[in-house]
Amino acid sequence: MKNASISRLEKLLTAGEFVVTAECGPPRGSNRERIIEKGKLLQDVVDALNVTDNQTAIVRMSSIAASIHLLNIGLEPVMQMVTRDRNRIALQSDIMGAYSLGIRNILCLTGDHQSFGSQPDAMNVFDIDSMNLARTVREMRETGQDMSGHELDEAPKMFVGAAANPFADPFEYRVIRLAKKIDAGADFIQTQCVYNLERFREWIKLAREEGLTDRVHILPGVTPLKSAGMANYMNNRVAGMDVPEAVIQRMAGVPKKDAANEGVKICLETIAELREMEGIHGIHIMAIKWEEIVAGIVEGAGLLPRPDLGVS
Amino acid sequence: MIVGEQKPIAEIKEMVAPYKKLLVLGCGTCVKTCFAGGEDETAVLASAIRLVSRKEGRTIEVEELTVERQCENEFIQEAAEAVGRNDSVLSLACGAGVQAIARRFVTKPVLPGVNTTFIGVLEKQGLFTEECSGCGNCELALFGAVCPVTRCAKKLLNGPCGGSQAGKCEVNPDTDCAWQMIIERLKILGQLDNLRAYVPPKNWNTSTSGGPRKLVREDHII
Ligand code: SF4
Ligand code: SF4
């Protein structure tokens with residue numbers, strides 16, 4: 001019965017709803033209550049919830065297992081999967097397994113390099129890249145075959161997501177890369193956190209001009225800042241992150257105790273601006289270690305209640 | 001060429017400790033060019049071993065010799081007598097040389113004095129950079145002759161990743177982003193269209209993933 005169900009995220013996007021997704025990281029251990037607690041905070045607040053896959057190369061509960069814990073309490077997971085740790089054999093096998101358990105969305109990533117993580121002495125895999133992974137998942141869905149062309153006994157029919165970073169270099173190439181990801185198989189795109197609206201606007205305009213926004217659902221990412229320190233850290237230390245000086249100044253300009261409020265305010269203003277842009281189909285909220293703020297942001301943005309599709 | 005770096009003397013000292021007569025065997029090709037195991041390095045290392053051993057009250061006789069290449073029988077033969085006179089060999093060749101020596105002199109312990117690091121070029125005096133992983137299926141033509149398999153930290157065939165900033169790799173700000181270089185090269189060559197093409201997963205069977213490799217040249221077998 002479950003296997004016949006299709007992605008709720010897909011249904012909403014296809015129906016033209018402005019969707020809300022968020023992100024949560026599994027615990028560094030086997031305590032499922034941790035992930036369930038996080039999930040409960042987001043029930044009825046988001047349409048789907050990304051579950052990270054050993055993000056920043058820190059070893060955590062697997063994204064498949066954590067996704068299932070969320071599914072069991074009625075949340076729709078977007079299982080993130082990186083090519084850093086698994087070769088094509090393991091990736092395909094895990095995707096089939098995840099689908100058999102009821103997972104319907106996947107976000108295909110290459111993953112942060114392990115030298116940033118908790119076990120930099122690990123060997124990486126990188127057998128295929130995120131582009132190849134997106135193509136693989138789509139091919140399994142469309143042709144019913146695995147990468148070797150073997151006919152599958154029930155193919156996983158995942159709704160395929162990929163990431164895009166409009167702020168990385170070289171800028172001219174960023175839209176070509178987006179097109180490539182769509183061609184490869186991405187049905188939806190979640191972007192790096194948007195602070196630099198100028199640059200994002202330019203990117204989405206180029207994407208629009210290439211007709212890409214009609215071919216893929218774009219969900220820009222936002223991350224509420226907690227402090228000026230965090231703004232600085234993100235700008236200087238997190239690869240591919242662009243926090244404009246004006247935003248850093250604004251965070252630094254308020255008393256420490258009000259900084260989090262200011263961060264939420266900036267986040268809400270960003271969401272409001274993004275919603276005005278043509279070609280945006282939703283928002284992806286990545287409140288790093290701050291899941292409890294998400295409900296307030298979604299409410300503050302006027303995005304509650306979430307649409308009810310009935311039982312999916 | 002093969003680039004390597006001499007092991008620290010502390011490690012070498014421990015390795016050679018059980019032996020009384022040691023041949024330090026240099027190699028005059030790749031490791032000479034990268035100052036890890038040519039004649040000069042062999043001489044310096046031999047003296048250093050003598051010195052630390054004496055200081056620690058150990059007696060060890062150290063002989064030194066450098067052959068042109070430790071990966072070819074013809075040159076390995078030149079070392080036969082010296083190897084015979086000693087009870088152990090510290091080879092300053094790359095890992096291939098060390099194994100070749102060990103295979104010819106099966107009863108001798110052959111120890112590695114060099115950490116073999118990569119296939120690379122002498123970029124400028126004192127700087128060697130890794131360029132090729134010997135994947136066995138060269139696709140450089142697609143990438144403007146910049147190897148993503150080797151020079152991109154994530155081996156991306158459809159890069160760059162989201163962490164490429166100001167031409168530098170997210171993994172190490174001292175390293176140029178391979179994909180930035182690929183794009184610049186393709187721009188110069190007027191081949192930017194290559195970037196739009198989807199590059200399928202690589203066949204790693206020709207690399208070490210397929211097990212140890214062998215090259216047979218029938219036309220050269222006598
Ligand atoms: S594609 Fe393979 S053979 Fe060619 S440079 Fe890169 S690693 Fe070496
Ligand atoms: S920054 Fe460039 S070289 Fe480094 S991992 Fe990303 S694409 Fe590869």
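Labels below follow one simple rule: chain letters A, B, ... track the order of the sequence lines, proteins then strands, and each chain is numbered from 1.
The closest donor-acceptor contact from the side chain of Tyr173(A) to the backbone of Gln180(B) lies at 3.5 Å or more, if one exists at all. Here the side chain of Lys180(A) pairs a donor or acceptor atom with the backbone of Ala197(B) at under 3.5 angstrom. With Lys154(B) contributing its side chain and Thr83(A) its backbone, the two residues share no donor-acceptor pair below 3.5 Å.
Between the SG atom of Cys152(B) and the NE2 atom of His113(A) there is a distance of 8.5 Å, given to the nearest 0.5 Å. To the nearest 0.5 Å, atom CZ of residue Arg177(A) and atom CG of residue Asn158(B) are 7.0 Å apart. With values rounded to the nearest 0.5 angstrom, Asp112(A) atom CG is found 9.0 Å from Cys161(B) atom SG.
Few gaps surround CD on Glu131(B); more than 12 heavy atoms of other groups in view lie less than 6.0 Å from it. Dense packing is recorded around NZ of Lys108(B), with more than 12 heavy atoms of other residues, nucleotides or ligands lying under 6.0 Å away. Remark: Lys202(B) NZ is packed, more than 12 non-hydrogen atoms of other residues, nucleotides or ligands lying under 6.0 Å away. The number of heavy-atom neighbours closer than 6.0 Å to CD1 of Ile89(A), taken from other residues, nucleotides and ligands shown, is 12 or below.
Of the atoms belonging to Asp183(A), not a single heavy atom falls under 4.5 Å from chain B. Using a 4.5 Å cut-off between heavy atoms, Asp169(A) contacts chain B through both its backbone and its side chain.
Within the 4.5 Å cutoff, no side-chain heavy atoms of Pro201(B) are placed close to those of Met131(A). When side chains are defined from C-beta on, Ile183(B) counts as touching Pro170(A), because their heavy atoms get closer than 4.5 Å. Counting heavy atoms from C-beta on, the side chains of Tyr198(B) and Asn132(A) come closer than 4.5 Å.
Taking each heavy atom of Leu157(B) and Asp129(A) in turn, the nearest pair found is N-OD2, 3.1 Å. Nearest heavy-atom pair, Trp204(B) versus Phe126(A), reported as atom, atom and distance to 0.1 Å: CZ2-O, 4.2 Å. Looking at every heavy atom in both residues, Gly162(B) comes nearest to Ala168(A) through O-CB, 3.3 Å.
Ranked by non-hydrogen atom pairs under 4.5 Å with chain B, the options Lys181(A), Arg84(A), Arg88(A) are led by Arg88(A). With chain B as partner, the option from Val125(A), Asn124(A), Asp127(A) having the largest number of non-hydrogen pairs under 4.5 angstrom is Asp127(A). Each of Leu195(B), Asn172(B), Leu192(B), Val199(B) has some count of heavy-atom pairs under 4.5 Å with chain A, and the biggest count is that of Leu195(B). In terms of heavy-atom pairs under 4.5 Å with chain A, the best-connected choice from Glu184(B), Glu170(B), Lys155(B) is Glu170(B). The candidate with the highest count of non-hydrogen atom pairs below 4.5 Å against chain A, out of Pro160(B), Gly163(B), Ala153(B), is Pro160(B).
For Thr213(A), the side-chain contact (heavy atoms from CB on, under 4.5 Å) criterion is met by Ile204(A), Ala207(A), Arg208(A), Ile218(A), not counting sequence neighbours.
Among the residues in residues 233-243 of chain A, those with a non-hydrogen atom closer than 4.5 angstrom to a non-hydrogen atom of chain B are Ala239(A), Gly240(A), Met241(A).
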